Participant: 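Just passing along the structure, written as structure tokens.
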Amino acid sequence: MINVFDDSSLERFDIQLNGIGSKELHGEISKRLNIEYLSDYLNTKELKEVNGIIFGYNFGIFVSLPVKIKHQVKNVHFLIDTGSPRTYVCEEVYDSFKTTVNSTVPRVLINNKPIFAHLSPNDSHFTDINVLGAEYLKLTGARLFANYEDEDISVLFESFNEDIQNNKIKPNFQIQENF
């Protein structure tokens, strides 16, 4: 079993992007999602369903979800990667909230659900990308539907299971609360 809190296992993550970065998130991906990347999120409700797109050479699944840090909420585009146990948020997102990440792991709200959002590693091939990992999908009871023929993507969200809601699961690293 991979220890999701061990940074030494980063090389095991096979996130295939092939030229997708900030430019694509602000440009073609925003256009196709019909949501401007890092724009203010004006709704206060938790999304029960989001539609996404298939994008890029490796047919990555991208969705946009509201992220709350320091009382601000913005639209953030994520690559859904079921092969990554962790969720990563890139430095550009933290900069847009005028916050910095120190040595602790930031806890943010993604679609009104608290999650540890690791900073995308500077020395990785996904430095400029936000990755929605399997941990978030599992904790939120997400159901992912991908119709590659028609390029229809839907993610349906349930809620955190009772152990998470009652704080019975406690990770063993420092937390930086950002909401």
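Everything numeric in this text was worked out from a predicted model, so none of it was measured. Below, each value reflects all heavy atoms present in this structure, side chains not excepted, and no hydrogens, waters or symmetry copies.
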Participant: State whether the side chain of Thr87 and the backbone N or O of Gly133 hold a donor-acceptor pair below 3.5 Å, judged by distance alone.
Facilitator: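 Yes, Thr87 side chain to Gly133 backbone: donor-acceptor pair under 3.5 Å.
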Participant: Less than 6.0 angstrom from the centroid, inside 45 degrees of the normal: does Lys74 satisfy that with respect to the ring of Phe97?
Facilitator: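 Output yes; distance and angle both within limits.
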Participant: What pair of heavy atoms forms the shortest contact from Thr44 to Asn112, and how long is it?
Facilitator: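 Smallest interatomic distance, heavy atoms only, reads O-ND2, 3.5 Å.
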Participant: For Phe126 and Val131, work out which heavy atoms get closest and say how close.
Facilitator: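 So the two residues come closest at CD1-CG2, 3.8 Å.
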Participant: When rounded to the nearest 0.5 angstrom, what is the spacing between CD1 in Ile54 and CG in Asp150?
Facilitator: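 Going from CD1 on Ile54 over to CG on Asp150, the span is 9.5 Å.
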Participant: Which atom pair, heavy atoms only, marks the closest approach of Val50 to Leu65?
Facilitator: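 Taking Val50 first and Leu65 second, the nearest heavy atoms are CG1-CD2, 3.6 Å.
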Participant: Does Asn34 have more than 12 heavy atoms from other residues, nucleotides or ligands lying within 6.0 Å of its CG?
Facilitator: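 Atom CG in Asn34 is not crowded, with 12 or fewer foreign heavy atoms closer than 6.0 Å.
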Participant: Any link between Leu144 and Ile53 through a network of hydrophobic side chains (Ile, Leu, Val, Met, Phe, Trp, Tyr) touching at under 4.5 Å?
Facilitator: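 Yes: a chain of side-chain contacts under 4.5 Å links Leu144 to Ile53.
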Participant: Begin from the C-alpha positions of Thr140 and Ile115 and carry the test side-chain contact (heavy atoms from CB on, under 4.5 Å) through to its verdict.
Facilitator: CA-CA 10 Å; Thr140 59; Ile115 190 74; over 6 Å; no
Participant: State the OG-NE2 distance between Ser22 and His77, to the nearest 0.5 angstrom.
Facilitator: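 Result: 10.5 Å between the selected atoms.
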Participant: Is there a donor-acceptor pair closer than 3.5 Å between any side-chain N or O of Ser120 and the backbone N or O of Ile129?
Facilitator: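 At least one qualifying donor-acceptor pair exists.
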Participant: Checking Asp81 side chain against Gly83 main chain: does a donor-acceptor pair fall under 3.5 Å?
Facilitator: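 Looks like yes, one N/O pair under 3.5 Å.
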Participant: Do Leu38 and His26 have side chains that approach each other closer than 4.5 Å (heavy atoms only, starting at C-beta)?
Facilitator: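 Contact flag for Leu38/His26 side chains = yes.
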Participant: Could you tell me whether a side-chain N or O of Thr82 sits under 3.5 Å from a main-chain N or O of Ala134, the two making a donor and an acceptor?
Facilitator: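 Side chain of Thr82 to backbone of Ala134: no pair is present.
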Participant: For the atom pair CZ (Arg32) and CZ (Phe62), what is the distance rounded to the nearest 0.5 Å?
Facilitator: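 CZ of Phe62 is found 10.0 Å from CZ of Arg32.
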Participant: Within the distance-only criterion (no hydrogens, no angle test), does the side chain of Asp152 pair as donor or acceptor with the backbone N or O of Asn147 below 3.5 angstrom?
Facilitator: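 Not confirmed, Asp152 side chain does not pair with Asn147 backbone.
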Participant: Looking only at heavy atoms, what is the nearest atom pair of Tyr37 and Cys90, with distance?
Facilitator: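 Minimum heavy-atom separation between Tyr37 and Cys90: OH-SG, 3.7 Å.
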Participant: Indicate yes or no for a side-chain donor-acceptor contact from Asn111 to the backbone of Lys113 under 3.5 Å, with no hydrogens or angles considered.
Facilitator: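 Answer holds: no.
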Participant: Just to verify, which of Lys48, Lys138, Arg143 counts as forming a salt bridge (charged side-chain N to carboxylate O under 4.0 Å, His left out) with Glu158?
Facilitator: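 Only one of Lys48, Lys138, Arg143 forms a salt bridge (charged side-chain N to carboxylate O under 4.0 Å, His left out) with Glu158, namely Arg143.
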Participant: Which class fits the ring pair Phe59 and Tyr148: parallel under 30°, tilted 30 to 60°, perpendicular over 60°?
Facilitator: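 It falls in the perpendicular class, over 60°.
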Participant: Quick one: do Tyr41 and Leu47 satisfy side-chain contact (heavy atoms from CB on, under 4.5 Å)? Show the steps, please.
Facilitator: CA-CA 12 Å; Tyr41 180 75; Leu47 300 172; 3.5 Å; yes
Participant: I need the Asn75 CG to Glu36 CD distance, nearest 0.5 Å.
Facilitator: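 It is 8.5 Å, given to the nearest 0.5 Å.
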Participant: Do you know the tightest heavy-atom contact between Asn51 and Glu49?
Facilitator: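 Minimum heavy-atom separation between Asn51 and Glu49: OD1-OE2, 3.7 Å.
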Participant: Just by modelled atom types, is the Ile110 backbone N or O under 3.5 Å from a matching donor or acceptor in the Tyr136 side chain?
Facilitator: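 Judged by distance alone, yes, a pair lies under 3.5 Å.
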Participant: Using 0.5 Å steps for rounding, measure from the CD1 atom of Ile153 to the CD1 atom of Ile61.
Facilitator: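 Those atoms lie 4.0 Å apart.
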Participant: Crowded around Glu28 CD? As in, over 12 foreign heavy atoms under 6.0 Å?
Facilitator: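 Yes, the 6.0 Å shell around CD holds more than 12 heavy atoms from other groups.
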Participant: In this structure, which one of Val76, Val89, Val108 forms a side-chain contact (heavy atoms from CB on, under 4.5 Å) with Ile69?
Facilitator: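 The single option meeting the side-chain contact (heavy atoms from CB on, under 4.5 Å) with Ile69 is Val108.
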Participant: For a quick test of reading the model, state the closest non-hydrogen atom pair linking Val93 to Asn130 and the distance between them.
Facilitator: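 Minimum heavy-atom contact is CG2-OD1, 3.5 Å.
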Participant: If I take atom CZ from residue Phe157 and atom CD from residue Glu46, how far apart are they, to the nearest 0.5 angstrom?
Facilitator: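 Between Phe157 CZ and Glu46 CD, I get 8.5 Å after rounding to 0.5 Å.
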Participant: Does a side-chain heavy-atom distance below 4.5 Å link Leu25 with Asp128?
Facilitator: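 No, their side chains stay 4.5 Å or more apart.
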